[in-house]
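I have placed the structure first, in the form of structure tokens, so that the comments after it can refer back to it.
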Amino acid sequence: MRLLTAGESHGPLVLAVLDGVPAGLEISASEIDVDLRRRQLGYGRGARQRIERDAVRITGGVRQGRTTGAPVALEIANKDAVNWERVMSAAPVAEPPDAVTRLRPGHADLAGALKFGHEDVRDVIERASARETAARVAAGAVAKALLGVVGTSVASETKSIGDVTGVPTFDHDAVEASEVRSADPDRSRAMVEAIAAARDAGDTLGGVVALRVSGVVPGLGSFAEWDRRLDGRIAQALMSIQSAKGVQFADAFAAARERGSAVHDPIEVRSGAFARTRNRAGGLEGGVTNGEDILLEVAFKPISTLMKPLPSADLRTGAPAPAHVERSDVCVVPAAGVVAEAMIALVLADALCEKFGNDNVADLCGALARYRERLRPIDLRR
Ligand code: EPS
């Protein structure tokens, strides 16, 4: 399974093409729209989210409510595009738009302009923007639907925003009811206050998202080659999210300070199946899922567009200049949790198809059932 996305933040649309989805998967636009809506929410989002009402148009790979095995094409219109027609015109316009040249530290502006030879940072901003994550979330909803067929579910919760932090419980209803996606009402309030204070100061805030995947099929991924290790593939997918700066499985950085006897998860047999007395491996050993929940955290830096800009320089002249300022968010951590769910779902759906085939959902389920039969005698060994 592979995903390509295209489209600029203020162009006509963002587009996802998800190739390799098995035929026979039930999927609807309304199901995808639930996640698109969740991605738009969160205290600290900018004015753009009041313009957009993200909704998917399925334009390939689905007929009569089921995937056909052809690439799934998903389009999300940018309502704001009507305000950017001149700036974003694919054809040259008589009156060219002003170029953006004052570089924002932390954004892709400088690195992107150097790499591609752009003289207008707009050519970088438009594609580096996290607007692209709408396409990822739409594709991720398809991956989640496939995982749902085999009993795998993905949950996320905001663990921290700025220095407000706590222990996630993944209480679904409480997380979804919170405007910062934290299950704890006191912590939610403190997070909102921290975001409001950053906004009032012309500043931004980052934070940490916790992820939990339950009902994981054991044996996904492989230790046999470096690029087949699933923890590496998951980390890459999560690190590819705009603003992501770090990933840890379970409490890896704390575990790195402890002894092996305190870190590794003792194995026992419970109700005829292998089980663990704790899960500090975060659900993967040797780059392979072990059937325990996958536990992860992703660190997101504060948004790099600052209303009180940092000192910077002009791309064309090199002259000192404050960084470019344009409409942006104050904090995207709540939305980033929804994007992180999509990215891990895409990797796990890919690994599932790799092991059990991706022609047809019923074939995949049949292969999985046979695999579970193979595991059973081992699980019954005492
Ligand atoms: C985003 C839309 C963008 C930004 C944000 C993500 O809208 P605009 O640039 O029109 O305000 O709010 O992008 C960034 C955080 C960024 O740094 O580019 C969205 O729909 O998620």
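All values below come from the heavy atoms of this structure, side chains included, with hydrogens, waters and symmetry mates left out. When a ligand or atom number is given, it counts from 1 through the structure's own listing order.
Contact residues of ligand 1 (protein heavy atom closer than 4.0 angstrom to a ligand atom; sorted by chain and number): H10, R39, R45, R48, Q49, H107, S129, A130, R131, I303, R327, D329.
Partners of F170 under the ring pair (Phe, Tyr, Trp, His ring centres under 6.0 Å) rule, at least two apart in sequence or in another chain, do not exist in this structure.
Counting Ile, Leu, Val, Met, Phe, Trp and Tyr side chains that sit under 4.5 Å apart, directly or through other members, W84 shares a hydrophobic cluster with V87, M88.
In this structure, K245 is not positioned above the aromatic face of F300 in the sense of NZ or CZ being under 6.0 Å from the six-membered ring centre and within 45° of the axis.
Checked against L74 for a side-chain contact (heavy atoms from CB on, under 4.5 Å), the options L15, L36, V14, V142 give a single hit: V142.
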Side-chain donor-acceptor contacts of residues 219-230 below 3.5 Å, not counting sequence neighbours, with atom names and distances?
{"residue": "S222", "atom": "OG", "partner": "A224", "partner atom": "N", "Å": "2.9"}

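In this structure, R131 does not pair ionically with E8, as no charged nitrogen and carboxylate oxygen lie closer than 4.0 Å.
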